Amino acid sequence: MKLEKLVGERFKERPADCVVDSHALMIRGGYMKYVANGIYSSYLPLRRITRKIEQIIREEMDAIDGQEVQFPVVLPASLWQESGRYESVGKELLRFQDRNGSPMVLGMTHEEAAVHLVREYGQSYSRYPFMIYQIQTKFRDEARPRAGLIRVREFTMKDAYSFHTSQEDLEAYYNRCHKAYERIFARAGVPQVISVASDSGMMGGSISHEFMLLTPIGEDFIAICPECGYRSNMEAAENIIPPIRDEVSDPLTLVYTPDIHTIEEICDFLKSPKENSCKAVVYQQVPDGKYVVLFLRGDLEVNETKLTGYLGCEIRPAEITPESGLHAGYIGPVDLEGDFTVLYDRSLEGRNNLSCGANREEYHYTGLDMARDVPEASYHDFAKIREGGICPCCKKSAITIRRGIEVGNIFQLGTKYTRSMHMTYIDPDGNSQYPIMGCYGIGVGRLAAAVCEASHDEYGPIWPMAIAPWQIHLCAVRSDDAQVREYADRLYEELQRLGAEVIYDDRPVRAGVMFSDADLLGVPIRVVVSPRNLKDQVLEVTSRDKTLSEKIPAQDAAARILQIVSDFAKKEN
């Protein structure tokens with residue numbers, strides 16, 4: 001490929017709307033172009049990268065007995081109605097009608113399509129286990145797309161679905177797929193990706209893991225214990241609160257607190273720390289608008305994923321109206337009356353001498369004793385784990401919170417979809433059973449962006465050999481020089497004949513422009529042909545990661561260049 005023919009512009013200035021480096025570099029380097037919010041077109045360099053990622057994925061999925069299939073992008077709503085997700089999934093699922101008025105959806109995930117494909121095939125136990133996978137375009141109508149390819153609305157994803165006749169068989173395959181994922185990320189150039197326990201969310205199932213690239217720009221938060229190696233998405237991490245109780249309980253006392261509405265204000269007014277307060281956070285259930293009042297310790301934050309999982313439906317911040325019977329800023333657990341779902345975080349269990357709202361304007365209580373004053377309370381884990389919190393595994397106060405980009409996920413789905421969609425098989429005893437499913441996903445474009453985020457400098461990406469758009473970037477400095485032109489053209493042809501992937505820059509531009517574009521393309525090996533080099537009968541060979549800089553003889557240079565490419569590829573493996 002000659003660079004002068006490469007469609008797409010490269011430029012120096014960082015786009016103002018790019019908040020993360022990978023997004024900025026991919027726009028500057030001519031990898032992609034903005035179309036609409038969360039939707040991009042890809043130029044050739046990015047297509048070459050994603051094709052290589054897809055090939056790595058295919059090889060690893062085939063190695064664990066996967067069979068590639070392809071599901072439709074557009075699906076009838078009836079499939080999602082069968083599983084129950086047509087109503088339960090929110091606005092992320094794009095719903096529409098075709099010209100005949102039939103309700104349709106754009107696939108954001110394909111569990112329903114997978115069950116539909118194999119439910120007639122899988123009617124006998126003798127056909128299990130099996131796994132099918134696809135690499136397909138999907139659409140998820142994200143509320144807040146951001147960071148280029150890291151969170152988009154339209155994306156390419158590999159999703160796989162395995163079917164089993166026992167939980168033990170699913171777990172064995174789940175572990176095989178976990179190892180395959182580790183190989184995929186290592187081969188793609190991000191061996192530092194870690195797996196963390198996660199919440200299954202709308203996917204369902206009991207056990208799931210996310211594969212995270214730790215980076216300061218990540219939008220996910222991960223709880224890590226350096227003492228025992230525990231790792232979990234913050235949404236799924238158990239928050240452990242040691243029991244605290246004063247020896248003597250003060251009486252419940254009404255206190256006049258005018259113009260005070262927040263936890264910070266009441267704690268300042270009472271000159272008491274936040275951990276000695278009980279705060280109320282109010283939501284409404286999306287399906288019916290019913291109020292949910294959650295009480296927790298004043299210094300903690302609500303983990304909305306835990307709350308949603310407990311309630312079994314979506315929630316939103318409440319709009320507290322005068323008719324609701326709630327007094328914003330003064331809500332407390334004592335004598336709270338109304339048609340509300342009232343929940344208690346276990347950080348309050350056994351606590352006494354707390355402050356709380358009194359359920360009347362401009363009044364709070366002090367001396368709240370949960371066991372004495374709210375004896376009907378039942379406690380659950382609804383709070384976020386915190387930096388320095390207690391590790392759920394080793395029980396040491398060692399939790400650290402890191403940020404990360406999710407590049408893959410795996411789920412043990414159980415029978416959620418086969419049961420709801422009436423997929424059954426006949427077991428050896430002639431009984432009808434529901435197959436047990438696993439689900440395994442990797443975002444292809446997001447993985448490309450994550451590799452760029454993990455490996456770049458201020459000048460551009462540093463692509464690993466395995467997924468780089470080309471292996472060699474050949475620069476003919478002073479291509480108007482006849483000797484340079486003749487030699488560089490001949491070397492280009494020879495490298496291609498020997499099977500190398502080469503991008504050839506023979507444009508009549510300054511060396512600075514040429515090298516700047518080379519940095520933005522991030523090709524692992526750069527070969528420079530120039531009048532000065534040829535005068536000394538050498539070529540200059542450097543690596544994009546700056547670990548190599550040497551001059552090689554111009555005679556028989558192709559063989560040496562290919563050896564360098566091979567050495568770099570082996571080093572990555």
Side-chain angles (χ1 to χ4, degrees), residues 1-57 73 106 108 135-158 188-190 213 215 217-219 405-408 441-464 466-471 473 501 503 505 516-524 544:
M1 178 73 196
K2 287 199 172 185
L3 197 145
E4 68 173 349
K5 300 295 184 182
L6 185 63
V7 175
E9 299 293 332
R10 289 159 298 283
F11 51 92
K12 288 184 178 181
E13 298 77 17
R14 182 186 179 104
D17 60 342
C18 295
V19 296
V20 301
D21 291 339
S22 59
H23 186 195
L25 292 174
M26 285 186 166
I27 294 293
R28 285 180 55 207
Y31 292 82
M32 63 190 195
K33 185 175 182 179
Y34 175 88
V35 177
N37 199 19
I39 301 174
Y40 294 87
S41 291
S42 298
Y43 290 108
L44 179 62
L46 182 56
R47 289 296 301 131
R48 291 179 67 94
I49 290 166
T50 54
R51 282 203 303 265
K52 290 182 178 181
I53 291 174
E54 290 172 10
Q55 184 57 29
I56 290 172
I57 291 172
V73 176
L106 278 186
M108 57 186 282
I135 300 175
Q136 174 64 286
T137 299
K138 297 174 181 284
F139 188 89
R140 180 186 178 103
D141 201 3
E142 290 282 356
R144 293 175 295 277
R146 63 177 291 274
L149 297 182
I150 290 175
R151 182 160 293 279
V152 289
R153 293 195 294 163
E154 182 179 290
F155 53 96
T156 299
M157 187 169 181
K158 184 282 300 180
V190 278
L213 176 67
T215 169
I217 65 92
E219 60 184 358
I405 299 171
E406 179 193 339
V407 291
I442 292 178
V444 176
R446 180 183 286 190
L447 179 52
V451 174
C452 180
E453 198 63 47
S455 185
H456 70 273
D457 58 22
E458 60 184 304
Y459 306 108
I462 304 172
W463 297 112
I467 67 168
W470 293 274
Q471 299 167 324
H473 194 125
E501 300 173 9
I503 181 78
D505 191 353
S516 177
D517 283 352
D519 285 339
L520 283 170
L521 289 175
V523 175
R544 180 66 184 84

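What's counted below: heavy atoms across the whole structure, side chains too, no hydrogens, waters or symmetry copies. Keep in mind that what you see is a predicted model, and the values were worked out from it rather than measured.
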**Request:** Considering non-hydrogen atoms only, spot the tightest contact between I217 and R146 and give its length.
**Result:** O-NH2, 3.9 Å
**Asked** Ignoring hydrogens and geometry, is there a side-chain-to-backbone donor-acceptor pair from Q471 to E501 under 3.5 Å?
**Response** yes
**Message:** Any heavy-atom pair between the side chains of L3 and H473 that's under 4.5 Å?
**Reply:** yes
**Prompt:** Going by heavy atoms in the side chains, are D519 and R544 under 4.5 Å from each other?
**Reply:** yes
**Message:** With heavy-atom distances below 4.5 Å as the criterion, would you say the side chains of D141 and M108 are in contact?
**Reply:** no
**Complete:** The reported gap from CD1 in I442 to CD1 in I57 (rounded to nearest 0.5 angstrom) is 4.5 Å
**Message:** Are F155 and R446 packed together at the side-chain level, in the sense that at least one heavy-atom pair is separated by less than 4.5 angstrom?
**Reply:** no
**Prompt:** When rounded to the nearest 0.5 angstrom, what distance separates CD in E154 from CG in L149?
**Reply:** 11.5 Å
**Message:** Return the OH to NZ distance between Y40 and K33, rounded to the nearest 0.5 Å.
**Reply:** 13.0 Å
**Asked** For F11, does its backbone N or O pair with a side-chain atom of R28 as donor and acceptor, under 3.5 Å?
**Response** yes
**Separation of T156 OG1 from L447 CG (nearest 0.5 Å)** = 12.0 Å
**Complete:** Closest heavy-atom pair, V190 versus A450, reported as atoms and distance to 0.1 Å, is CG1-O, 4.4 Å
**Asked** If every non-hydrogen atom of V451 is compared with every non-hydrogen atom of A188, which pair is closest and at what distance?
**Response** CG2-O, 3.6 Å
**Request:** Taking the side chain as every heavy atom from C-beta outward, state whether V523 and I503 have any atom pair closer than 4.5 Å.
**Result:** yes
**Request:** Report yes or no: does T50 contribute a side-chain atom to a donor-acceptor pair with the main-chain N or O of R47 at less than 3.5 Å?
**Result:** yes
**Pairwise side-chain contact, I49 with Y31, heavy-atom cut-off 4.5 Å (strictly under)** = yes
**Item:** Minimum heavy-atom distance between L520 and G29, given as atom pair plus value
**Value:** CB-CA, 4.0 Å
**Prompt:** Taking atom CE of M32 and atom CD1 of I39, what is their separation to the nearest 0.5 Å?
**Reply:** 13.0 Å
**Request:** Report yes or no: does K52 contribute a side-chain atom to a donor-acceptor pair with the main-chain N or O of A468 at less than 3.5 Å?
**Result:** yes
**Request:** Quick one: pull up CG in D517 and NZ in K12 and give me the separation to the nearest 0.5 Å.
**Result:** 10.0 Å
**Request:** Return yes when atom CD of E9 has more than 12 non-hydrogen atoms of other residues, nucleotides or ligands closer than 6.0 Å, and no otherwise.
**Result:** no
**Message:** In the structure I gave you, are the side-chain heavy atoms of T215 and V20 within less than 4.5 Å of one another anywhere?
**Reply:** no
**Message:** Contact between D21 and R14 at the side-chain level, heavy atoms closer than 4.5 Å - yes or no?
**Reply:** yes
**Request:** Mind listing the closest non-hydrogen atom pair of I405 and G218 along with its distance?
**Result:** CG1-CA, 3.9 Å
**Prompt:** Which atom pair, heavy atoms only, marks the closest approach of I27 to C18?
**Reply:** CG1-SG, 4.2 Å
